[in-house]
Amino acid sequence: MKFTDGYWLLREGVTAAYPVQVLDVTSDDPGTLQIHAPTQPIRHRGDLLKGPVVTISAHAPMPDVIGVTLTHFEGEEERGPRFTVNTEDFGSHVSYDEEHALLTAGALSVRVARTGPWHVDFLAGGRTLTTSGTKAMGIMRDADGGHYLREQLNLGVGTSVFGLGERFGPLVKNGQVVDMWNADGGTATEQAYKNVPFYLTDAGYGVFVDHPGKVSFEVGSEVVSRVQFSAETQALTYYVIYGPTPKEILRKYTALTGRPALPPAWSFGLWLSTSFTTSYDEQTVSSFIDGMRERDLPLSVFHFDCFWMREFNWCDFEWDPRVFPDPEGMVSRLKDRGLHICVWINPYIAQRSPLFAEGKALGHLLRKPDGSVWQWDLWQPGMALVDFTSPAARDWYAAKLEALLAQGVDCFKTDFGERIPVDVAYADGSDPERMHNYYTYLYNRTVFDVLRKHRGEGEAVVFARSATAGSQQFPVHWGGDCEATYESMAESLRGGLSLGLSGFGYWSHDIGGFEGTPSPALFKRWIAFGLLSSHSRLHGSSSYRVPWLFDEEAVDVLRLFTKLKLRLMPYLYEAARTAHAEGVPMMRAMVLEFPDDPGCAHLERQYMLGPDLLVAPVFSDEGDVSYYVPEGTWTHFLTGETVTGPRWVRERHGFLSTPVLVRPGAVIPVGAVDDRPDYAYAHGVTLQAYGLEPGAQVTVPVGDVTFTVVREGDTLRASASDPVAPWQLAAEGRTVRAEAGTGFLTLELGQGPSGTVGTNRTFGTHGNPETLGAN
């Protein structure tokens with residue numbers, strides 16, 4: 001929200017009060033700092049008789065994270081919801097003298113000037129990260145009487161800002177106005193399904209604004225040298241998080257707000273949907289599955305979209321008996337074919353649904369202030385919303401899902417959750433404005449918890465559209481309603497990378513676009529992008545997404561990239577475990593891996609898939625693509641050709657190819673299975689080494705086995721932490737293979753023609769390494 005008219009003036013009707021000096025400093029609680037700051041100079045006792053006074057308190061929930069709370073009136077009723085913020089038991093340090101007040105947490109400090117102009121500095125690593133200076137922090141009132149708290153943090157020269165949720169515009173947010181207000185607005189506007197009040201910079205710090213309602217960000221826009229954020233409230237808390245690298249910032253932010261759960265391995269395979277408004281029954285579904293199997297197209301999950309339930313009954317959680325007379329038998333038959341089953345749900349209850357009367361009678365539906373059920377006709381006639389602030393309502397909703405789990409359903413597509421009204425009264429007294437964005441957190445947590453309860457830890461997965469801060473704990477999220485165009489494919493990628501920079505570890509999108517029917521060329525290009533994403537789903541609105549309806553080459557493209565992904569599962573699942581353990585996403589904007597390369601900050605048409613694979617989707621029928629290669633000699637994974645950076649590369653790719661480059665010095669574990677995503681990854685794995693320098697040592701976790709690859713001169717030596725089934729070591733077109741139970745392999749580089757397969761002469765047994773001669 002803008003308050004000023006240019007640099008000098010306030011907008012008409014706006015008044016402002018800014019802290020100008022420190023009256024006093026106290027530290028009543030260990031590890032906290034409290035400052036009272038008048039908004040006019042105190043020249044004599046008469047100046048002490050008027051306000052306002054801003055109270056600024058600082059605390060540290062964990063090392064390298066400092067929270068600052070601005071308060072005007074403390075008497076405001078404290079209404080939820082509130083984000084859950086984790087804390088650690090550690091020792092922060094408070095000190096102050098005549099010049100400064102200081103709070104230090106780990107390597108990060110906040111320093112408030114007690115003399116001179118108002119000045120708050122955040123310091124780490126021997127430098128100032130950012131500053132709240134004169135007329136930055138303030139109490140703002142607009143012409144309508146709205147009361148806002150505002151903060152402005154200095155934006156250094158050359159600093160880029162990322163994050164703020166899944167946003168479909170430019171990846172770098174500098175110059176943008178971003179409002180935190182979930183909306184069902186597609187992927188082509190400034191609106192977003194997933195608003196996260198957290199931004200990350202490439203200057204060593206990130207900022208999380210701990211307010212679940214509407215927060216307005218002016219990112220180098222109202223004041224071009226500052227990031228401004230404001231909310232209509234009497235108290236506002238924000239956290240500054242020190243890195244120093246973007247990855248470290250994400251690790252600490254997700255430690256603060258919650259790390260993503262680890263999705264089951266089967267969820268990383270290909271998902272096929274009925275699509276939305278298309279006609280389908282068991283015969284149609286079976287024909288799709290038969291067609292996939294006949295064409296050697298591995299399928300992991302089949303998804304039933306909205307019309308698995310009867311029209312106008314969404315949601316009643318009952319299979320439409322006219323179309324599915326034997327749902328239990330059908331689900332059983334599909335699961336006998338090795339498939340997992342997903343069904344669509346949302347948090348809305350249409351008036352025609354039998355659950356409407358039941359939910360109304362039990363008090364589980366969201367009500368207006370006068371006690372009547374809130375309803376409207378958008379999406380489903382007369383629909384109401386489940387009030388997830390009520391534990392009884394959550395249990396009621398979960399019980400409906402438990403009946404589906406008992407039938408054999410494995411997971412749910414948790415659609416919607418954005419269009420949440422504010423003219424309502426919640427069961428727990430929550431503030432409707434603060435609940436608008438937070439509603440999705442309660443909705444998806446309810447569904448995820450019932451899956452975790454009945455399927456077990458590590459087996460729960462949803463396919464969610466809406467989100468806010470903390471929702472990353474309940475994966476997976478997909479990008480919403482995109483168009484079947486190259487432009488929409490690109491905006492979807494920008495949204496996914498932005499979400500990854502907001503703490504979300506896993507992300508997907510509708511291959512081919514949701515609205516409209518893609519051309520065969522677009523569909524094939526999107527397939528490559530989709531199968532090189534963390535999760536991969538074929539889904540559309542009014543047309544099917546089985547590849548043979550486009551052309552036969554689409555079948556070949558889907559087969560190639562599906563099998564490629566399945567072979568890469570040893571590598572991808574380790575990247576998934578990193579997302580779970582550290583909060584670093586699987587799909588990474590280039591700035592995450594190369595923060596010191598200024599060429600990477602604005603890159604938004606390419607990404608790193610895990611730490612070592614660079615992916616550059618093709619956004620044209622002709623196959624022309626340009627991408628940036630950081631320093632070093634990179635190798636095309638599909639062809640073995642090399643490219644040396646740093647430089648821009650232009651290439652043309654057929655439909656059976658896309659740029660996938662391996663980082664120099666990487667070892668990629670490639671699995672022996674290409675027909676399913678969940679298998680024993682170490683069994684028959686091939687360790688493919690790329691450009692290891694002499695003396696380099698690379699550790700490669702594969703399932704429960706850890707491999708170590710070392711280059712000694714022109715020799716590569718590999719060892720396994722435990723005896724494993726046959727595995728291979730490959731480099732420069734040469735491969736050596738170990739027998740079952742073998743712990744060591746050696747490969748001599750630079751000998752023999754490219755492509756020669758090493759033969760086994762002597763094997764080192766575990767604990768007794770010997771050199772393997774390779775011909």
For the residue pair Arg737 and Trp727, would you count it as a cation-pi contact if the rule is NZ or CZ under 6.0 angstrom from the ring centre and within 45 degrees of the ring axis?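 No.
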Are Lys413 and Trp271 in a cation-pi contact, defined as NZ or CZ under 6.0 Å from the six-membered ring centre and within 45° of the axis?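 Geometry flag: not set, cation outside 6.0 Å or 45°.
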So does [Y] get a backbone contact from the side chain of [X], meaning a donor-acceptor N/O pair under 3.5 Å?
X      : Y      : answer
Asp202 : Ser160 : yes
Thr562 : Leu558 : yes
Asp510 : Gly513 : no
Arg605 : Tyr627 : no
Lys252 : Gly243 : yes
Arg663 : Leu613 : no
Lys194 : Arg465 : yes

Flag side-chain contact, heavy atom, 4.5 Å: [X] against [Y]:
X      : Y      : value
Arg259 : Gln473 : no
Pro617 : Phe619 : yes
Val618 : Pro659 : yes
Ile341 : Leu334 : yes
Met292 : Leu272 : yes
Val667 : Leu692 : yes

Kindly give the heavy-atom pair with the smallest separation between [X] and [Y], and that separation in Å.
X      : Y      : result
Ile668 : Phe637 : CG2-CE1, 4.3 Å
Leu493 : Glu604 : CD2-O, 3.6 Å
Val476 : Pro263 : CG2-CG, 4.3 Å
Ser536 : Ser508 : N-OG, 3.8 Å

Is there a side chain to side chain contact (heavy atoms under 4.5 Å, CB included) between His477 and Ser471 once you walk through the steps? CA-CA 9 Å; His477 295 81; Ser471 296; 4.2 Å; yes
Rounded to the nearest 0.5 Å, what separation is found between the [atom1] atom of [X] and the [atom2] atom of [Y]?
X      : Y      : atom1 : atom2 : answer
Arg559 : Asp674 : CZ    : CG    : 11.0 Å
Arg293 : Arg295 : CZ    : CZ    : 13.5 Å
Leu270 : Ser300 : CG    : OG    : 7.0 Å

Give a yes or no on whether a salt bridge exists between [X] and [Y], defined as a side-chain N under 4.0 angstrom from a carboxylate O.
X      : Y      : answer
Lys563 : Asp296 : yes
Asp714 : Arg711 : yes
Arg717 : Glu712 : yes
Asp290 : Arg337 : yes
Lys524 : Asp556 : no
Glu457 : Arg452 : yes

Would you say the ring centers of [X] and [Y] fall short of 6.0 Å from each other?
X      : Y      : answer
Trp478 : His509 : no
Tyr506 : Phe504 : no
Phe162 : Tyr199 : no
His535 : Phe463 : no
Phe550 : Phe523 : yes
Tyr681 : Tyr571 : no
Trp526 : Tyr486 : no

Begin with the C-alpha distance, continue with both residues' side-chain angles, and end with the deciding distance and a verdict on side chain to side chain contact (heavy atoms under 4.5 Å, CB included) for Arg545 and Ile511. CA-CA 8 Å; Arg545 289 293 182 267; Ile511 294 174; over 6 Å; no
Side chain to side chain donor-acceptor pair (under 3.5 Å), that's the test. Do Thr735 and Gln728 meet it? Break it down for me. CA-CA 7 Å; Thr735 304; Gln728 301 180 124; 5.5 Å; no
Between His636 and Glu651, is a side chain to side chain donor-acceptor pair (under 3.5 Å) present by the stated rule, with each step listed? CA-CA 12 Å; His636 278 277; Glu651 295 174 346; 2.9 Å; yes
In sequence, state the C-alpha distance, the side-chain angles, and the governing distance for Leu451 and Val462, and then conclude on side chain to side chain contact (heavy atoms under 4.5 Å, CB included). CA-CA 9 Å; Leu451 285 165; Val462 296; 3.7 Å; yes
CA sep, side-chain torsions, deciding dist, call: Val698, Thr708, side chain to side chain contact (heavy atoms under 4.5 Å, CB included): CA-CA 6 Å; Val698 180; Thr708 302; over 6 Å; no
